[in-house]
Undergrad: 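I have a structure here, written as structure tokens, and I will follow up with some questions on it.
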Amino acid sequence: MFSLRDYQSNLCGLTVEHMNEGGAPCLVSPTGSGKTVMLAEITRLYREWGYQVVLAAHRNEIIKQLAASCKAHCGEPVGFYTANRMTEDRGIMVTMMPTLARRKEAV
């Protein structure tokens, strides 16, 4: 599990609070500020509350990074739903935006 910096914890808290109020926040943070770590923390919180989490990105490298970070931080296996890799349904799934666009039945 990662140790978050104060600013990361604050951003995660604000993001989750906004999402729980029905909002759809866009978390923007500079390069090197730990966006993947923050996303892994938000994922961990929602998994603790019993939700399935689907993370989507536009590049394969980012998908791999998200999966590795979430697996390390959340301590559970991560599933894949991409054109090249399909795994069984899991509590945390990562996918590619183009895959979702082509396979509308997945959403």
Side-chain angles (χ1 to χ4, degrees):
M1 183 180 280
F2 307 128
S3 294
L4 273 67
R5 294 190 164 100
D6 288 341
Y7 73 90
Q8 292 171 324
S9 290
N10 290 338
L11 281 172
C12 289
L14 291 170
T15 301
V16 167
E17 181 180 323
H18 189 64
M19 289 170 64
N20 289 342
E21 293 171 353
C26 177
L27 180 58
V28 178
S29 192
T31 300
S33 63
K35 291 181 289 292
T36 302
V37 170
M38 289 186 273
L39 189 55
E41 172 64 7
I42 293 167
T43 298
R44 184 190 66 77
L45 292 170
Y46 276 94
R47 287 297 299 142
E48 280 186 358
W49 298 327
Y51 290 94
Q52 181 181 34
V53 178
V54 178
L55 305 170
H58 66 288
R59 297 187 62 198
N60 197 39
E61 296 81 10
I62 296 172
I63 291 296
K64 291 176 184 176
Q65 181 181 355
L66 285 171
S69 293
C70 285
K71 182 178 180 182
H73 190 64
C74 301
E76 64 180 279
V78 176
F80 289 84
Y81 184 78
T82 66
N84 299 328
R85 189 169 179 190
M86 302 281 285
T87 62
E88 64 185 49
D89 200 20
R90 297 201 172 129
I92 303 170
M93 298 293 292
V94 292
T95 187
M96 299 283 290
M97 294 303 293
T99 301
L100 290 179
R102 283 190 297 271
R103 301 179 185 173
K104 292 181 182 177
E105 71 277 1
V107 259

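Every value quoted in this text rests on a predicted model; they were computed, and no experiment measured them.
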Undergrad: Could you tell me whether the side chain of Gln52 reaches within less than 4.5 Å of the side chain of Met93, counting heavy atoms only?
TA: yes
Undergrad: For the atom pair CZ (Arg90) and SG (Cys70), what is the distance rounded to the nearest 0.5 Å?
TA: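 That separation rounds to 13.5 Å.
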Undergrad: Looking only at heavy atoms, what is the nearest atom pair of Arg102 and Ala83, with distance?
TA: NH2-CB, 4.1 Å
Undergrad: Over 60° means perpendicular and under 30° means parallel, so classify the ring planes of Phe2 and His73, tilted if in between.
TA: parallel
Undergrad: Nearest 0.5 angstrom please: Ile42 CD1 to Gln8 CD, how far?
TA: 10.5 Å
Undergrad: Working to the nearest 0.5 angstrom, can you tell me the gap between Glu17 CD and Asn20 CG?
TA: 8.5 Å
Undergrad: Leu100, Leu55: one ILVMFWY side-chain cluster at the under-4.5 Å cut-off?
TA: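 As far as the 4.5 Å side-chain criterion goes, Leu55 and Leu100 are not connected within one cluster.
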Undergrad: Can you check whether Tyr46 reaches Val16 side chain to side chain, under 4.5 Å on heavy atoms?
TA: yes
Undergrad: Considering only heavy atoms from C-beta outward, does the side chain of Thr15 approach that of Met19 to under 4.5 Å?
TA: yes
Undergrad: Can you find a heavy atom in the side chain of Ile63 that is under 4.5 Å from one in the side chain of Thr95?
TA: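 No, every pair of side-chain atoms sits at 4.5 Å or beyond.
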Undergrad: Considering non-hydrogen atoms only, spot the tightest contact between Ser69 and Ala40 and give its length.
TA: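 For Ser69 and Ala40, the tightest heavy-atom pair comes out as O-CB, 4.0 Å.
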Undergrad: Do Tyr81 and Ile62 sit in one hydrophobic cluster, given that two such residues count as connected whenever their side-chain heavy atoms are within less than 4.5 Å of each other, even indirectly?
TA: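 Cluster IDs for Tyr81 and Ile62 differ.
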Undergrad: Please report the closest heavy-atom contact between Met97 and Ala56, naming both atoms and the distance.
TA: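 Shortest heavy-atom separation between Met97 and Ala56 comes out as SD-CB, 3.3 Å.
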Undergrad: Can you measure from NE2 (His18) to SG (Cys26) and round to the nearest 0.5 angstrom?
TA: 10.5 Å
Undergrad: Where is the tightest heavy-atom contact between Met96 and Asn60, given as atom of each residue plus distance?
TA: CE-N, 3.6 Å
Undergrad: Counting only heavy atoms not in Met86, do more than 12 fall under 6.0 Å of its CE?
TA: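 More than 12 within 6.0 Å, yes.
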Undergrad: Between Val37 and Val78, is there shared hydrophobic-cluster membership here, with clusters defined by ILVMFWY side-chain heavy atoms closer than 4.5 Å?
TA: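 No, it is not one cluster - the side chains of Val37 and Val78 are not joined through contacts under 4.5 Å.
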Undergrad: Taking all atoms of both residues into account, what is the closest heavy-atom pair of Thr43 and Cys74, and its distance?
TA: CG2-SG, 4.1 Å
Undergrad: Main chain of Ser33, side chain of Tyr7: is a donor-acceptor contact present, judged purely on distance under 3.5 Å?
TA: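 Indeed, once roles are kept as given, a pair shorter than 3.5 Å links the two residues.
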Undergrad: Would one find more than 12 heavy atoms of other residues, nucleotides or ligands at under 6.0 Å from atom OH of Tyr51?
TA: no
Undergrad: Mind checking the CZ-OG1 spacing from Arg85 to Thr99? Nearest 0.5 Å is all I need.
TA: 13.0 Å
Undergrad: Does any non-hydrogen side-chain atom of Val53 lie less than 4.5 Å from one of Arg47?
TA: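 Yes - at least one pair of side-chain heavy atoms lies under 4.5 Å apart.
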Undergrad: When rounded to the nearest 0.5 angstrom, what is the spacing between CG in Leu11 and CD in Glu41?
TA: 12.0 Å
Undergrad: Could you state whether Leu45 and Met1 fall into the same hydrophobic cluster, counting links through intermediate Ile, Leu, Val, Met, Phe, Trp or Tyr residues with side-chain heavy atoms under 4.5 angstrom apart?
TA: no
